[in-house]
Each structure stands twice: as structure tokens, then as C-alpha cells.
Amino acid sequence: MTHYADLTPYSYLPDSSAPQPGTGHVLNVGWLDEAEPYPKGPVPTGLAETLHRMTRTHRTRQTRGHHYCPWCVPLLRQAHRSTCPKGSAEIRVPGLGVTYAAPELIAHYVEAHAYLPPPGFVAAVLSADSDA
């Protein structure tokens, strides 16, 4: 998977459709790579669980292949492919004047690798969960 710094303009899979009213800019969140440092720290209770749910309810941009978690790839080498987290889509989370685009693996990154997403994204995720 390609690395994009948090809160940079989204450009991974360009959208040919017109933006939806009120969605604003689309920003990257959670496009991590093992070669790049990323923010780590505690996250609010329920964030990882909500992100896991969003991989079912906010899933979009399905691709043809899978991306495996770069930190868990040693599981592949040990012939435990089924236990190595993988993703093949994105989630989109509406925020205040922006839409956040994150890889499907973001829930795993938060839960297993202590990834700390930007505060605006965290607020949007938790707000979307309270609206559900």
C-alpha cells in the first residue's frame, strides 16, 4: 500500500464523480507504511471497535487485491496467511467540512499497533457512531 501522510489531500483512487454537497475536501488518514514513522498513543475507548464496524458500514473503493499489514507480514512467512490482517478497500468518514479516506486496515493499526489518528478524524468516527 502507498504511504500518505495524515491530513494530506486524497489521491489514491481518483474519483471521476462530482463531490457530494457538504463533503468538502477528502483527506488521507491512516495510510501507514513500516518505513515511515507514525503517531502512537492511547485512543478513546470504543474507537477501534467503531472503526471495525465502519469497515462494514462505510466500506468503499474495493480493489482487486489485498494489502497485508506490513508489521504482521512475518505471519505470512510462517504459513499463517489466514491470521495476517489484510484489507482491500477503504472507509470514508464525514467530518466537519471534510471527508476522511482511510484504508480498511485502520482499525487493525489502531488496535494492534497503537496508531493514533488525528483528533478531527477520531471525533468524526465517534460522532458517526453516536449518530447510528
Side-chain angles (χ1 to χ4, degrees):
M1 182 170 68
T2 304
H3 170 265
Y4 294 103
D6 283 347
L7 305 179
T8 58
Y10 175 86
S11 61
Y12 184 58
L13 295 172
D15 189 359
S16 59
S17 64
Q20 296 177 357
T23 59
H25 299 288
V26 179
L27 301 178
N28 295 308
V29 172
W31 297 86
L32 308 182
D33 183 82
E34 64 185 328
E36 300 289 336
Y38 61 91
K40 295 181 181 184
V43 298
T45 302
L47 180 66
E49 295 82 6
T50 302
L51 286 168
H52 278 294
R53 258 192 316 282
M54 286 181 152
T55 63
R56 295 184 303 276
T57 61
H58 290 65
R59 185 182 171 100
T60 187
R61 308 242 178 197
Q62 178 69 47
T63 61
R64 293 182 184 197
H66 287 103
H67 170 75
Y68 293 92
C69 172
W71 296 278
C72 295
V73 163
L75 294 173
L76 286 173
R77 295 185 189 110
Q78 298 168 7
H80 297 292
R81 182 176 293 261
S82 64
T83 61
C84 186
K86 64 186 176 198
S88 62
E90 299 175 9
I91 64 169
R92 295 289 172 104
V93 180
L96 295 174
V98 300
T99 298
Y100 298 102
E104 184 177 22
L105 278 172
I106 192 167
H108 170 74
Y109 294 156
V110 166
E111 192 171 56
H113 303 293
Y115 168 58
L116 178 60
F121 175 78
V122 171
V125 169
L126 296 175
S127 173
D129 188 49
S130 68
D131 294 342

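These numbers come from the heavy atoms of this one structure, side chains and all, not from hydrogens, waters or symmetry mates.
For the side chain to side chain donor-acceptor pair (under 3.5 Å) test, no residue two or more places apart in sequence or in another chain qualifies with Tyr38. With sequence neighbours excluded, the residues that form a ring pair (Phe, Tyr, Trp, His ring centres under 6.0 Å) with His113 are Trp71, His108. Taking Glu111 as the reference, His52 meet the side chain to side chain donor-acceptor pair (under 3.5 Å) condition, with sequence neighbours excluded. Checked against side chain to side chain donor-acceptor pair (under 3.5 Å), Thr8 has the following partners two or more places apart in sequence or in another chain: Asn28.
When all heavy atoms are compared, the tightest approach of Val110 to Ala48 is CG1-CB, 4.1 Å. Taking each heavy atom of Pro44 and Leu126 in turn, the nearest pair found is CB-CD1, 3.9 Å. Closest approach of Gly30 to Ile106, counting heavy atoms only: CA-CD1, 4.0 Å. The minimum heavy-atom distance linking Tyr109 with Pro103 is given by the pair CE1-CG, 4.5 Å. Heavy atoms only, all atoms of each residue included: Arg92 and Val26 are closest at NH1-CG1, 3.7 Å. The two residues Ser11 and Tyr4 have their closest heavy-atom pair at OG-CE2, 3.8 Å.
The shortest distance between side-chain heavy atoms of Thr99 and Leu27 does not fall below 4.5 Å. Within the 4.5 Å cutoff, no side-chain heavy atoms of Val122 are placed close to those of Val43. No side-chain heavy atom of Ile91 sits under 4.5 Å from any side-chain heavy atom of Tyr100. Side chains of Tyr115 and Asp6 form a contact here, defined as non-hydrogen atoms less than 4.5 Å apart. Taking 4.5 Å as the limit, every side-chain heavy atom of Tyr10 sits out of range of all side-chain heavy atoms of Val98.
Glu104 places a side-chain N or O within 3.5 Å of a backbone atom of Ala89 that can act as its donor or acceptor partner.
Put simply, CG on Leu32 and NE2 on His3 are 6.5 Å apart, with the number rounded to the nearest 0.5 Å. With rounding to the nearest 0.5 angstrom, the OG1 atom of Thr55 is 9.5 Å from the CG atom of Leu105.
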